[in-house]
Amino acid sequence: MEEEKQYKAYYDIQKELRARVIHSDVLPEKINYIAGTDVAYNDEDNTMIGAAVILDAETLEVIETAHHEMETTFPYVPGLFSFREIPALLEAFKKLKTQPDLIVCDAQGIAHPHGVGMATHLGLELDIPTIGCAKKRLLGDYDKAVLPSQRGASQTLLFEGKKICAALRTQDDIKPMFVSIGHKVSLETALIWVLKLCSQYRLPETTRQADQLVNRLRADSISKKTLEKE
DNA sequence: GCGACAG
DNA sequence: ATCTTGTCGC
């Protein structure tokens, strides 16, 4: 309907981005640093905080973080989600001293109606290998009953006949995560890294650290603003 | 037509 | 995403 026209420019951008996605492994021989990202919102003043955390790929310790707070301008439109969060994330990445070899996003990669989920979009913008690791399935079909309950079990999801992502059990007897190619990483490699990052919890350590960071920052930001008012 | 829809 | 504490169950 009218929404189609309203957002046409963004759909056109996605079409261009989609053509540039690299589905194979084009990453460093040795991965030293892995980044996690997340964004938190403050409805009160319509702002958001985007953050990037860098973990040592070996120890999974946080070695650097960066963030950026700005006004939220793009609405949440399913299918155009990346345009909402990416501005804050790009600014956060600019502030990092350490450039990551790989980024794990808390969102979809190519498992997206136009093949350009948040992880893929970010990977293309930064020209850094990315993996999409979402808590929920967006699209693609699979047989839940066939996915074993053991950590490490995975099953490919099909969309229009193509393997677009995989449900991955990151811990025994817990809901799977949905892993997809972002950019410059194969699905096989993506699964290996996500599993490695989920040694203790359902969510990758990258996502957990980024999530905790933005929530701390948001709490700080809100209390600071309320103090200024009074 | 109806429902679903990453975060 | 966000609003929110304790609590039922293994």
_Parallel, tilted or perpendicular, as decided by the 30° and 60° cut-offs, for the rings of A:F178 and A:Y142_ = perpendicular
*Side-chain heavy-atom pair A:P100, A:F93 within 4.5 angstrom cut-off*: yes
_First and last nucleotide of DNA chain B, 5' to 3', lying under 4.0 Å from heavy atoms of chain A_ = B:dC5 to B:dG7
*asked:* So A:A40, base contact, sugar-phosphate only, or nothing? Heavy-atom distance under 4.0 Å.
replied: sugar-phosphate
*Under 4.0 angstrom, heavy atoms only, what part of the nucleic acid is A:Y41 near: base, sugar-phosphate, or nothing?*
sugar-phosphate
*Indicate the atoms forming the closest heavy-atom contact of A:A40 with A:R218, along with that distance.*
CB-NE, 3.7 Å
*Summarise protein proximity over nucleotides 5-10 of chain C in one line of letters, 5' to 3': B for base, S for sugar-phosphate only, - for none, counting protein heavy atoms closer than 4.0 Å.*
------
_Atom-pair distance (CG on A:L213; C1' on C:dA1), nearest Å_ = 16 Å
*Take the protein atom NZ of A:K136 and the nucleotide atom P of C:dT2, then report the distance between them rounded to whole Å.*
12 Å
*asked:* I need the CG-P distance between A:D43 and C:dT2, as an integer number of Å.
replied: 8 Å
*asked:* What contact category does A:G132 fall into here, base, sugar-phosphate, or nothing, at under 4.0 angstrom with non-hydrogen atoms?
replied: nothing
*asked:* Is any side-chain heavy atom of A:Y201 closer than 4.5 Å to one of A:Q171?
replied: no
*Can you check whether A:Y41 reaches A:Y76 side chain to side chain, under 4.5 Å on heavy atoms?*
no
*Please assess A:D45 against A:K225 for the test salt bridge (charged side-chain N to carboxylate O under 4.0 Å, His left out), listing each intermediate value before the final yes or no.*
CA-CA 10 Å; A:D45 61 358; A:K225 285 168 184 169; 2.6 Å; yes
*asked:* Checking A:V194 against A:I131 for the side-chain contact (heavy atoms from CB on, under 4.5 Å) test, could you report, in this order, the C-alpha distance in whole Å, the side-chain angles of both residues, the deciding distance, and whether it holds?
replied: CA-CA 8 Å; A:V194 170; A:I131 293 171; 3.9 Å; yes
*Check whether any side-chain heavy atom of A:R169 sits under 4.5 Å from a side-chain heavy atom of A:Q150, and report yes or no.*
no
*Looking at A:K136 and A:Q108, what are the two nearest heavy atoms and their distance?*
O-NE2, 2.8 Å
*Inspect the contact between A:D173 and A:R151 and indicate whether a charged nitrogen and a carboxylate oxygen are less than 4.0 angstrom apart.*
no
*What are the residues of residues 173-185 of chain A, sorted by number, that bring a heavy atom to within less than 4.0 Å of DNA chain B?*
none
*Does any non-hydrogen side-chain atom of A:K144 lie less than 4.5 Å from one of A:L147?*
no
